[in-house]
There are 2 protein chains.
Amino acid sequence: MNSTKIKILNAAEYLFATHGYAETSMRQITNRANVNLASVNYHFGSKKALTIEVIDRYLSQLMPDIIANLKQLQNKKEEPSISAIFSIFKQPLLTLNSINDGGTVYFLKLLGRGYIDSQGHLRGFITHKYQTELRFIRQAFHQSCPQLSEEELFWHLHFALGTTSFTLSASDALTDIVKADFNTELYLDDILDRMVPYISAGFIRQGNLNV
Amino acid sequence: MNSTKIKILNAAEYLFATHGYAETSMRQITNRANVNLASVNYHFGSKKALTIEVIDRYLSQLMPDIIANLKQLQNKKEEPSISAIFSIFKQPLLTLNSINDGGTVYFLKLLGRGYIDSQGHLRGFITHKYQTELRFIRQAFHQSCPQLSEEELFWHLHFALGTTSFTLSASDALTDIVKADFNTELYLDDILDRMVPYISAGFIRQGNLNV
DNA sequence: GCCTGTTTAAAACAAAAGTATTACTCCATG
DNA sequence: CATGGAGTAATACTTTTGTTTTAAACAGGC
């Protein structure tokens, strides 16, 4: 296969996720990927196009997976449990690790940065390309949890995304602080163990879903 | 007064908060502030020093306020309510608007970006300069809520910060989406109304504080 | 075995970045 | 009135940025 493209994507996603889009230069990317500087523009056209392809490598797999899970949920009669709802996203997200090692975390970090990026290139691309998928997700979700309005679902999902993205993006900082203050060595799993109950609590708060 | 410094600080905080540190150039700052390019380096020394002074303008007022509130809480006997705990932070945060209009929101956005910034200049500065204050806050907080361990408090606070910072930083994006999908015009207050219950739910989840 | 399209390599390019220099303007102080 | 420090303005400097260009290497098909 054309391994240069893959090498660039892997290097870029790491640097974008850990340092940010603007903070990473093409030379950092090509150095890390061990490829020539010009190869990025040759294969992707521009830096902006690269950032989009980096995140779309994950989105193009994630979206169908989530939709499949939702359709499966639609066939069931009873009201879904909170854990059933979470696994709608959890399983597809974890599958992203098959694309690249650590892909799940990279993707979530990148997605968060995409929201915060003020120019909104990424967000514009996502909402345009996956317009129908996003709409389907919202509606099917609402259908399965009718006690939550579409707007409530929207907000709860984004709050959960915010907590996740921030925590993952700041995981280095948090690890440092915990080490200095509590003298505890922290790993990603520990952070997630703390975070999931927090997210769940806020998510189900108004909905009265069965836990 | 030396209004050039203030003009630079105001322009820089707006651009840093909305676009990010790396994404804003000195020329953007000085243009917005209507001052000469060289004045930033004259008054602050460097761009990095400016970023620190921008956030420290708020921190230097915020920290004593929070500590005063905590000391007041320590004098009371009964276990504090969740709203009492929130107002420990809420009132000092809102007071930041007296420094500059919209200061509360700017500060929270900047703080979030400081955590995510991988180089960690800002974080290093904060944890070093406000070392004793941060320690006092953690301990006094724990003392008032003994049913929550210091580590639990640490995590819940940072999850709350993450949700807040992300939501505020992404508020433009969220406003756009809501407008496109729900045809609703959104203002900051609406977002906060949605967010506060979410944060509270996660925060008190394990602690069983009286609501 | 030559040719054609594709990919890589090395270097050059123009624009933008942060910073430094220099001269000029005030204005309070002696 | 002269002077010296503080602030401002205009410009120059150096490095880094993303992108282009040109040539070389490498495929596979006839």
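Here is how names work: the chains are called A, B, and so on, in the same order as the sequence lines, proteins then strands, and each is numbered from 1.
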Residues in ring pair (Phe, Tyr, Trp, His ring centres under 6.0 Å) contact with A/Phe159, at least two apart in sequence or another chain: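 A/Phe159 satisfies ring pair (Phe, Tyr, Trp, His ring centres under 6.0 Å) with A/Trp155, B/Tyr198 once adjacent residues are dropped.
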Non-neighbouring partners of A/Phe154 that pass ring pair (Phe, Tyr, Trp, His ring centres under 6.0 Å), sequence neighbours left out: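 A/Phe154 satisfies ring pair (Phe, Tyr, Trp, His ring centres under 6.0 Å) with A/His158, B/Phe182 once adjacent residues are dropped.
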Selection: residues 30-40 of chain A, any non-hydrogen atom under 4.0 Å of DNA chain C: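 The stretch gives A/Asn36, A/Ala38 as the residues lying under 4.0 Å from the strand, ordered by number.
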B/Thr4 vs D/dG7: side-chain N/O to OP1/OP2 distance below 4.0 Å: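 No, no such contact exists.
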What is the distance from [atom1] of [X] to [atom2] of [N], rounded to the nearest Å?
X       : N      : atom1 : atom2 : value
B/Phe16 : C/dG18 : CZ    : C1'   : 12 Å
B/Lys47 : C/dG18 : NZ    : C1'   : 8 Å
B/Gln28 : C/dA16 : CD    : P     : 12 Å
A/Ile8  : C/dT7  : CD1   : P     : 12 Å
A/Phe44 : C/dT6  : CZ    : P     : 17 Å
B/Met26 : C/dT19 : CE    : P     : 6 Å
B/Asn41 : D/dA12 : CG    : P     : 18 Å

Residue from A/Val105, A/Thr175, A/Thr167 passing side-chain contact (heavy atoms from CB on, under 4.5 Å) with A/Leu188: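 Only one of A/Val105, A/Thr175, A/Thr167 forms a side-chain contact (heavy atoms from CB on, under 4.5 Å) with A/Leu188, namely A/Val105.
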With B/Asp190 via side-chain contact (heavy atoms from CB on, under 4.5 Å) - residues at least two apart: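 With neighbours one apart ignored, the set is B/Leu186, B/Tyr187.
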Would you list the protein and nucleotides 14-16 of chain D atom pairs, both N or O, that sit under 3.5 Å from each other?
none

Is a donor from one side chain sitting under 3.5 angstrom from an acceptor on the other, for [X] and [Y]?
X        : Y        : result
B/Tyr58  : B/Glu13  : yes
A/Thr163 : B/Thr163 : yes
A/Asp56  : A/Tyr130 : yes

A/Tyr42 vs A/Glu23, nearer the 5' end of DNA chain D by closest nucleotide: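 The answer here is A/Glu23.
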B/His43 side chain, from C-beta outward: closest of D/dT19, C/dT8, D/dG7: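 Closest nucleotide to the B/His43 side chain: D/dG7.
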Within 45° cone of B/Phe136 ring axis and under 6.0 Å: B/Lys71 NZ or CZ: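 Here B/Lys71 passes the 6.0 Å and 45° test against B/Phe136.
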Pairs meeting criterion side chain to side chain donor-acceptor pair (under 3.5 Å) with involvement of residues 86-96 of chain B, two or more places apart: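 Every pair satisfying side chain to side chain donor-acceptor pair (under 3.5 Å) with a residue in residues 86-96 of chain B: B/Asn69-B/Gln91, B/Gln91-B/Thr95.
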